[in-house]
Visitor: 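Just dropping this structure here.
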Amino acid sequence: MTDASEDPNDDVQYHVEVGSDDMADTVLLPGNPERVDKVTAVWDDHVEVGQHREYRTATGTYDDEALSVTSTGIGSPSAAIAVEELARVGVDTFIRVGSCGAIQEGMDVGDLVITSGGVRQEGTSKEYVREDYPASADHEVVSALVAAAERLGYDYHVGLTMSADSFYAGQGRPGFEGFEAAGADSLVEELREANVKNIEMEASAIMTIANVYGLRAGAVCTVYANRITGEFRTEGESRAVECASLAAALLARMDRVKAEAGVDRWHAGLSLE
């Protein structure tokens with residue numbers, strides 16, 4: 001018999017500890033709980049509505065549109081829990097916002113990477129659906145992120161993201177005392193040749209699970225490191241935050257325009273102007 005306190009169908013969710021009255025339709029998903037403060041710093045207003053384990057949640061407004069933010073911790077397993085439980089309380093749009101390593105030349109530290117699809121090297125999404133199921137970003141989320149980056153004047157790249165389950169071995173980095181996982185020496189080059197843009201740890205699981213449930217998802221990350229050039233700096237984090245926040249506001253406006261036009265999907269014939 002399942003303990004009622006762990007019932008995933010309860011309104012207040014077991015891990016994230018929020019209910020349907022706490023959340024906006026769109027949620028930004030950073031990894032680090034400390035990044036929640038950096039997200040809400042660019043908003044018009046906010047109130048913290050939940051904090052449990054790695055999951056810290058706030059809801060507020062940006063550009064007069066409602067949105068929420070929930071930290072997921074590091075990696076796809078905990079990100080999947082957030083998507084599961086937030087979907088149960090009514091969230092329908094998920095935007096991963098964080099940092100990444102770029103693996104193409106011409107991608108500078110501080111640039112944004114907007115994910116169009118994911119390479120599912122993480123194992124979490126494989127527990128949901130067969131391995132050849134695509135991790136695709138919702139085209140409306142991608143469009144809103146591109147529009148936001150353009151309006152903000154930030155340099156950005158759009159393309160495929162590889163999501164790994166480990167920061168070291170799974171991303172081709174040496175482990176303790178120089179340990180190298182099988183295939184580590186060729187991993188980055190193989191991905192680069194396949195035109196993958198960047199590596200991080202959550203996007204493909206978030207997008208796959210959202211697609212399985214018929215929800216919208218995408219990702220935008222700031223480049224902290226370029227694995228080809230060796231450049232590394234932790235800067236430009238606020239650019240991804242601003243881009244994701246503006247994108248969330250644009251998505252809300254896109255949804256209203258769709259409703260007025262009587263269509264289900266955003267297309268080139270519609271306009272926010």
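Just so it is clear, the structure is predicted and the values come from calculations on it, not from any experiment.
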Visitor: Report the C-alpha separation of Asp11 and Ser20 in whole Å, then their side-chain angles, then the decisive distance to 0.1 Å, and conclude whether the side chain to side chain donor-acceptor pair (under 3.5 Å) test is met.
Guide: CA-CA 7 Å; Asp11 183 54; Ser20 56; 3.3 Å; yes
Visitor: Answer yes if the side chains of Gln121 and Ser204 hold a donor-acceptor pair under 3.5 Å, and no otherwise.
Guide: no
Visitor: Can a salt bridge be assigned to the pair Glu260 and Arg256 using a cut-off of 4.0 Å between side-chain N and carboxylate O?
Guide: no
Visitor: Could you walk me through whether Glu84 and Tyr213 satisfy the side chain to side chain contact (heavy atoms under 4.5 Å, CB included) test, starting with their C-alpha distance in whole Å, then the side-chain angles of each, then the deciding distance to 0.1 Å, before giving a yes or no?
Guide: CA-CA 9 Å; Glu84 281 278 2; Tyr213 293 152; 2.6 Å; yes
Visitor: Check whether any side-chain N or O of Asp22 sits under 3.5 Å from a backbone N or O of Gly19 as a donor-acceptor pair, and report yes or no.
Guide: yes
Visitor: For Ser163, is there any backbone N or O sitting under 3.5 Å from a side-chain donor or acceptor partner on Glu202?
Guide: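 No; zero donor-acceptor contacts below 3.5 Å.
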Visitor: When hydrophobic residues are tied together by side-chain contacts of less than 4.5 Å, even through go-betweens, does Val220 share a cluster with Tyr224?
Guide: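 No.
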Visitor: Quick one: list whatever passes side chain to side chain contact (heavy atoms under 4.5 Å, CB included) with Ala219, sequence neighbours left out.
Guide: Arg96, Thr115, Ala203
Visitor: Tell me whether Gln13 contacts the main-chain N or O of Val89 through its side chain, where contact means a donor paired with an acceptor under 3.5 Å.
Guide: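 Answer holds: no.
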Visitor: Kindly indicate whether the side chain of Ile199, heavy atoms from C-beta on, has any atom under 4.5 Å from the side chain of Thr161.
Guide: no
Visitor: Would you say the side-chain atoms of Ser245 and Trp43 include a donor-acceptor pair closer than 3.5 Å?
Guide: yes
Visitor: Which atom names give the shortest non-hydrogen contact between Asp92 and Leu215, and what distance separates them?
Guide: O-CB, 3.6 Å
Visitor: Can you find a heavy atom in the side chain of Arg265 that is under 4.5 Å from one in the side chain of His139?
Guide: yes
Visitor: Will you find, in the side chains of Arg239 and Thr222, an N or O donor that is under 3.5 Å from an N or O acceptor?
Guide: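 No donor-acceptor contact under 3.5 Å links the two side chains.
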Visitor: Using links of under 4.5 Å between side-chain heavy atoms of ILVMFWY residues, direct or through other members, which residues join Val109 in one cluster?
Guide: none
Visitor: Could you list who else is in Tyr168's hydrophobic cluster, with ILVMFWY side chains joined at under 4.5 Å, directly or through other members?
Guide: Ile74, Phe167, Met201
Visitor: If you look at every heavy atom in Val196 and Met162, which pair is closest and at what distance?
Guide: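 It is CG1-N, 3.8 Å.
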Visitor: Can you tell me which residue among Val69, Val91, Ile95 is in a side chain to side chain contact (heavy atoms under 4.5 Å, CB included) with Thr26?
Guide: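 One option only clears the test, and that one is Ile95.
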Visitor: Can you see whether Ser125 engages Glu122 through a side-chain donor-acceptor pair at a distance of less than 3.5 angstrom?
Guide: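 Yes, because at least one side-chain N or O of Ser125 sits under 3.5 Å from a partner of the opposite role on Glu122.
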Visitor: Any chance you could lay out the side chain to side chain contact (heavy atoms under 4.5 Å, CB included) test for Thr93 and Val141, step after step, and finish with the verdict?
Guide: CA-CA 8 Å; Thr93 303; Val141 176; 4.1 Å; yes
Visitor: Quick check on the hydrophobic clustering: are Met254 and Tyr62 connected, directly or via other members, by side-chain heavy-atom contacts under 4.5 Å?
Guide: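 Shared cluster, yes.
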Visitor: Whether the Tyr156 and Glu150 side chains hold a donor-acceptor pair (N or O, under 3.5 Å, no angle test) is what I'd like checked.
Guide: yes
Visitor: Looking only at heavy atoms, which two atoms of Ile103 and Ile228 are closest? And how far apart?
Guide: O-CG1, 3.3 Å
Visitor: With Glu242, which residues qualify under side chain to side chain donor-acceptor pair (under 3.5 Å), at least two apart?
Guide: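 Checked Glu242 against side chain to side chain donor-acceptor pair (under 3.5 Å); matches are Tyr154.
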Visitor: Once side chain to side chain donor-acceptor pair (under 3.5 Å) is applied, what residue pairs with a partner in residues 71-80 remain, sequence neighbours excluded?
Guide: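 Applying side chain to side chain donor-acceptor pair (under 3.5 Å) to every pair that reaches into residues 71-80, excluding sequence neighbours, yields nothing.
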Visitor: Are the side chain of Glu231 and the backbone of Asn226 linked by a donor-acceptor contact shorter than 3.5 Å?
Guide: no
Visitor: Can you tell me how far apart CG (Asp64) and CG (Asp45) are? Round to the nearest 0.5 Å.
Guide: 9.0 Å
Visitor: Report yes if the side chains of Val39 and Asp37 come closer than 4.5 Å at any heavy-atom pair, otherwise no.
Guide: no
Visitor: Any heavy-atom pair between the side chains of Val142 and Ile114 that's under 4.5 Å?
Guide: yes
Visitor: Taking NZ, NE, NH1 and NH2 as the nitrogens, is one of them in Arg216 or Asp255 under 4.0 Å from a carboxylate oxygen of the other?
Guide: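 Yes, charged N to carboxylate O under 4.0 Å.
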Visitor: To the nearest 0.5 Å, how far apart are CD in Gln104 and CG in Asn195?
Guide: 5.5 Å
Visitor: Is it true that, when you exclude Glu131 itself, more than 12 heavy atoms of the residues, nucleotides or ligands shown sit nearer than 6.0 Å to its CD?
Guide: no
Visitor: Where do His46 and Ala58 come nearest, in terms of heavy atoms and distance?
Guide: CD2-CB, 4.2 Å
Visitor: Roughly how far apart are Leu187 CG and Gln171 CD, rounded to 0.5 Å?
Guide: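 Between atom CG of Leu187 and atom CD of Gln171 there are 8.5 Å.
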Visitor: Is it true that Asp63 and Arg253 make a salt bridge, defined as a side-chain N closer than 4.0 Å to a carboxylate O?
Guide: yes
Visitor: Side-chain contact test, heavy atoms from C-beta onward, threshold under 4.5 Å: evaluate it for Leu29 versus Leu86 and give yes or no.
Guide: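 In contact.
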Visitor: Within the distance-only criterion (no hydrogens, no angle test), does the side chain of Asp165 pair as donor or acceptor with the backbone N or O of Gly123 below 3.5 angstrom?
Guide: yes
Visitor: Any chance you could measure Leu28, atom CG, to Arg35, atom CZ, to the nearest 0.5 Å?
Guide: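 Here the rounded value is 11.5 Å.
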Visitor: Under 4.5 Å between side-chain heavy atoms, hopping through other hydrophobics if needed: is there a path connecting Met207 to Ile209?
Guide: no
Visitor: Check the hydrophobic clustering (I, L, V, M, F, W, Y; side-chain heavy atoms under 4.5 Å; chains of links allowed) and say if Val188 and Phe179 are grouped together.
Guide: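 As far as the 4.5 Å side-chain criterion goes, Phe179 and Val188 are not connected within one cluster.
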Visitor: Please confirm whether the backbone N or O of Glu34 pairs with a side-chain atom of Lys38, one donor and one acceptor, at under 3.5 Å?
Guide: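 No.
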Visitor: Regarding Glu17 and Arg56, does a basic nitrogen lie under 4.0 Å from an acidic carboxylate oxygen?
Guide: no
Visitor: Under the salt bridge (Lys or Arg N to Asp or Glu O under 4.0 Å) criterion, do Glu140 and Lys258 qualify, and how do the steps go?
Guide: CA-CA 11 Å; Glu140 294 181 346; Lys258 288 189 302 182; 3.0 Å; yes
Visitor: Tell me the closest heavy-atom pair linking Asp132 and Arg130, and the distance in Å.
Guide: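 Taking every non-hydrogen atom into account, OD1-NE, 2.5 Å.
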Visitor: Evaluate the side-chain proximity of Val97 to Cys221: yes if any heavy-atom separation is below 4.5 Å, no if none is.
Guide: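 A side-chain contact under 4.5 Å is absent here.
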Visitor: Please tell me if the side chains of Leu250 and Leu272 come closer than 4.5 Å, counting only heavy atoms from C-beta onward.
Guide: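 With C-beta onward as the side chain, the pair touches.
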Visitor: Please name the pair of heavy atoms, one in Gly106 and one in Asp111, separated by the smallest distance, quoted to 0.1 Å.
Guide: O-OD2, 4.1 Å
Visitor: Go through it in stages, so that I can follow the logic: the residues are Cys243 and Arg151, the test is side chain to side chain contact (heavy atoms under 4.5 Å, CB included), and I'd like the CA-CA distance, side-chain angles, deciding distance and then a yes or no.
Guide: CA-CA 9 Å; Cys243 183; Arg151 292 189 181 194; over 6 Å; no
Visitor: Using only heavy-atom distances, determine whether the side chains of Tyr55 and Glu85 contain a donor-acceptor pair under 3.5 Å.
Guide: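 No, no side-chain donor-acceptor contact under 3.5 Å.
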Visitor: Hey, does the Lys NZ or Arg CZ of Arg53 hover above the aromatic six-ring of Tyr14, less than 6.0 Å from the centre and inside 45° of the axis?
Guide: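 Checked: cation-pi criterion met.
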Visitor: Hey, are the side chains of Leu67 and Val27 touching, using non-hydrogen atoms and a 4.5 Å cut-off?
Guide: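 Side-chain contact under 4.5 Å: no.
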Visitor: Might you work through the side chain to side chain contact (heavy atoms under 4.5 Å, CB included) test for Ser116 and Leu160, ending with a clear yes or no?
Guide: CA-CA 6 Å; Ser116 59; Leu160 298 176; 4.1 Å; yes
Visitor: Other than Val113, what residues sit in its cluster of Ile, Leu, Val, Met, Phe, Trp and Tyr side chains whose heavy atoms are under 4.5 Å apart, directly or through others?
Guide: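 The other cluster members (ILVMFWY side chains, heavy atoms under 4.5 Å, direct or chained) are Met107, Val223.
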Visitor: To the nearest 0.5 Å, what is the distance between CD1 (Ile81) and CD (Glu54)?
Guide: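 Here the rounded value is 7.0 Å.
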Visitor: Check whether Arg120 reaches the backbone of Tyr133 with its side chain - one donor and one acceptor, N or O, closer than 3.5 Å.
Guide: yes
